[in-house]
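To start, the structure under review is shown below, and the notes come after it.
All ligand and atom numbering here is 1-based and tracks the order in the structure. In this text, all values refer to a predicted model and were calculated from it rather than measured experimentally.
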Amino acid sequence: MTVALERPTVELGGAVAHDVERTTASTAAESVDATCRASTAPPYRRFASIPFMGFAPNDLGFIADPYPVYAELRERAPVVLDRATNHWLVSRYEDVNTLLRDRRFGRTYHHLATDDEMGRPSAPEWHAPFWHLVRSGILDMEPPDHTRVRRLVAKAFTPRMAEALRPHVQRLMDENVDTVAGAGEIDLIPSIAEPLPVAVIAQLLGIPDEDRHLLRPWSADICRMYELAPTEEDARIAIRACVEFSDYLRQLSRARRAEPREDLISGLAQVVDEGERLTEDELIGTCVLLLNAGHEATVNVTGNGWWSLFRHPDQLRRLRSEPSLVPRAIEELMRFDTPLQMFERWVLEDVEICGVEVPKGAELGLLFGSANHDPAVFERPDELDLGRDPNPHLAFGAGVHFCLGAPLARIELETSFATLLRRFPRMELVEEPAWKPNYIIRGLEALRVRV
Ligand code: HEM
């Protein structure tokens, strides 16, 4: 692989991507047109239907096991335009890792250009509350704004701060487990996987106990818009949640500004000064991001991780007999079945990737799940090996947007898995779980177990 970071173009891999794309493009384009004509849905709904080399993010079979399709993509088309979703799919580890760190690709382009200048259609006017909220959070900012706001919140999420929370996380986990012990059969997702990260992040930010039940539904509703083909109904539900969540946080942060407490919202509310350090909208956007990102993926790592363990009884036995393996096992479970399968980047200037010219304004789909199964980096990538070391997986991303909550997520997951292994040493699966119809934030509908 050659990466020319100093030059105006990137050359990644030695690829045949454009050939594959050219031979299939007309079929795909015809199918897109056919779908558009047949559909009464608005345009953003219409790219739902054409699997490219099996890449079918709306198909439950693909969602259940995308890894064989990824292997094909890495082999035959490592950088390729999927016309159905209008994303350039990037599937090799080294490319994903490099592009995440390259400033010619951004989570947003609005710091540099308008939609028109980028050749992108503008979102419908009624989507404004969603985009305003999302663009006010650090995940959708780029430097220098990103640097300024991330610096303000990062202090609360250092490895040392996370470590200090460990006893508290353990207490919460023990309480949850006490509640279900003796219940016989439970659904692990709502009874164990969800309550822990929701309680931890809510407490950190300072959401009053009596309001915590609001967080999970708001987050789930907003996350509908993160999938590749949200319907009009998804958009309406998400936008209503954005408005309610923003109003709620605006009131709460104003109350905390007047009467601060020992929590992150109070801390941030003190530095709101409309311009210099933090605007009120940035506070709200970033707190919504923290509350949502602070539990969605952790819930799915718990569910998907246990499902992987049940499918690999030898590895589960190994973990039960060697609990000190838990921290490494968590990393491997995140690599093996990556909870966030794809993240997007905008191409901010014309570039060449893998010998493929990718124009300014294009959208990349960086396939984290694929990168984490790349045999160029991981030996026997499709095997679950809880002792894998080193394990440089990309489940937490890389570059300036590297997951802010990674140290906290690791502590929550270690506590959760270790406690379940200890308290329910014979926990077993009741029935094969079903996947939610979501590709990007990928998790199980339920995970019924006997405790
Ligand atoms: C296992 C659980 C988690 C996984 C797999 C995960 C994964 C990720 C990934 C891949 C990104 C980067 C996205 C991109 O580059 O486009 C990210 C960003 C982020 N995550 Fe996490 N995350 C997890 C848990 C958490 C937790 C517990 C928090 C709460 C504090 C959190 C807060 C954030 C924030 C604030 C960002 C944006 C950072 C920035 O843009 O600078 N995450 N996460």
Side-chain angles (χ1 to χ4, degrees), residues 90 96-103 105-108 134-159 161-162 165 169 193-194 196-205 215 219 223 226 264 268 282-283 285-305 327 330-346 363-369 371-372 393-417 440-443:
V90 181
V96 173
N97 192 25
T98 306
L99 297 181
L100 282 170
R101 298 162 197 272
D102 188 323
R103 305 310 318 138
F105 307 92
R107 284 276 321 174
T108 180
V134 165
R135 288 175 190 148
S136 303
I138 52 170
L139 183 56
D140 285 71
M141 289 177 187
E142 287 296 317
D145 289 338
H146 175 267
T147 321
R148 170 176 54 83
V149 182
R150 180 161 169 141
R151 201 172 284 149
L152 286 172
V153 279
K155 290 180 203 139
F157 295 96
T158 59
M161 296 293 276
L165 284 174
V169 173
E194 284 175 5
L196 183 71
V198 173
V200 172
I201 195 68
Q203 268 172 21
L204 253 170
L205 269 88
L215 299 178
S219 173
C223 285
Y226 284 104
L264 186 60
L268 293 174
E282 287 168 344
L283 179 152
T286 298
C287 288
V288 167
L289 170 70
L290 284 167
L291 287 161
N292 295 355
H295 75 271
E296 287 289 348
T298 321
V299 172
N300 289 336
V301 175
T302 312
N304 305 0
I330 301 298
E331 303 302 316
E332 174 65 349
L333 291 169
M334 284 192 281
R335 180 200 72 81
F336 183 73
D337 207 5
T338 308
L340 300 165
Q341 285 285 319
M342 174 177 132
F343 271 98
E344 290 145 335
R345 287 294 183 274
W346 293 105
E363 196 171 14
L364 303 180
L366 306 180
L367 302 178
F368 284 24
N372 284 341
H393 67 76
L394 293 176
F396 287 120
V400 296
H401 292 288
F402 179 81
C403 178
L404 186 68
L408 180 61
R410 286 183 163 124
I411 280 169
E412 290 175 356
L413 290 165
E414 284 169 27
T415 308
S416 171
F417 277 80
I440 291 184
I441 303 175
R442 178 168 164 275

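Counting heavy atoms from C-beta outward, Arg410 and Phe396 have side chains that approach closer than 4.5 Å. Using a 4.5 Å heavy-atom cutoff, the side chains of Leu165 and Ile411 are not in contact.
Checked against side-chain hydrogen bond (donor to acceptor under 3.5 Å, both in side chains), Arg442 has the following partners two or more places apart in sequence or in another chain: Asp337. Not counting sequence neighbours, the partners of Arg101 by the side-chain hydrogen bond (donor to acceptor under 3.5 Å, both in side chains) test are Asn97. The salt bridge (Lys or Arg N to Asp or Glu O under 4.0 Å) check on Arg135 picks up nothing, with sequence neighbours excluded.
Near ligand 1, Arg107, Ile138, Leu139, His146, Arg150, Phe157, Ile201, Leu289, Leu290, Ala293, Gly294, Ala297, Thr298, Val301, Met334, Pro339, Leu340, Phe343, Arg345, Phe368, Ala395, Phe396, Gly397, Val400, His401, Cys403, Leu404, Gly405, Ala409, Leu413 each place a heavy atom less than 4.0 angstrom from the ligand.
Distance check, rounded to the nearest 0.5 Å: CE of Met334 to CG of Leu394 gives 11.5 Å.
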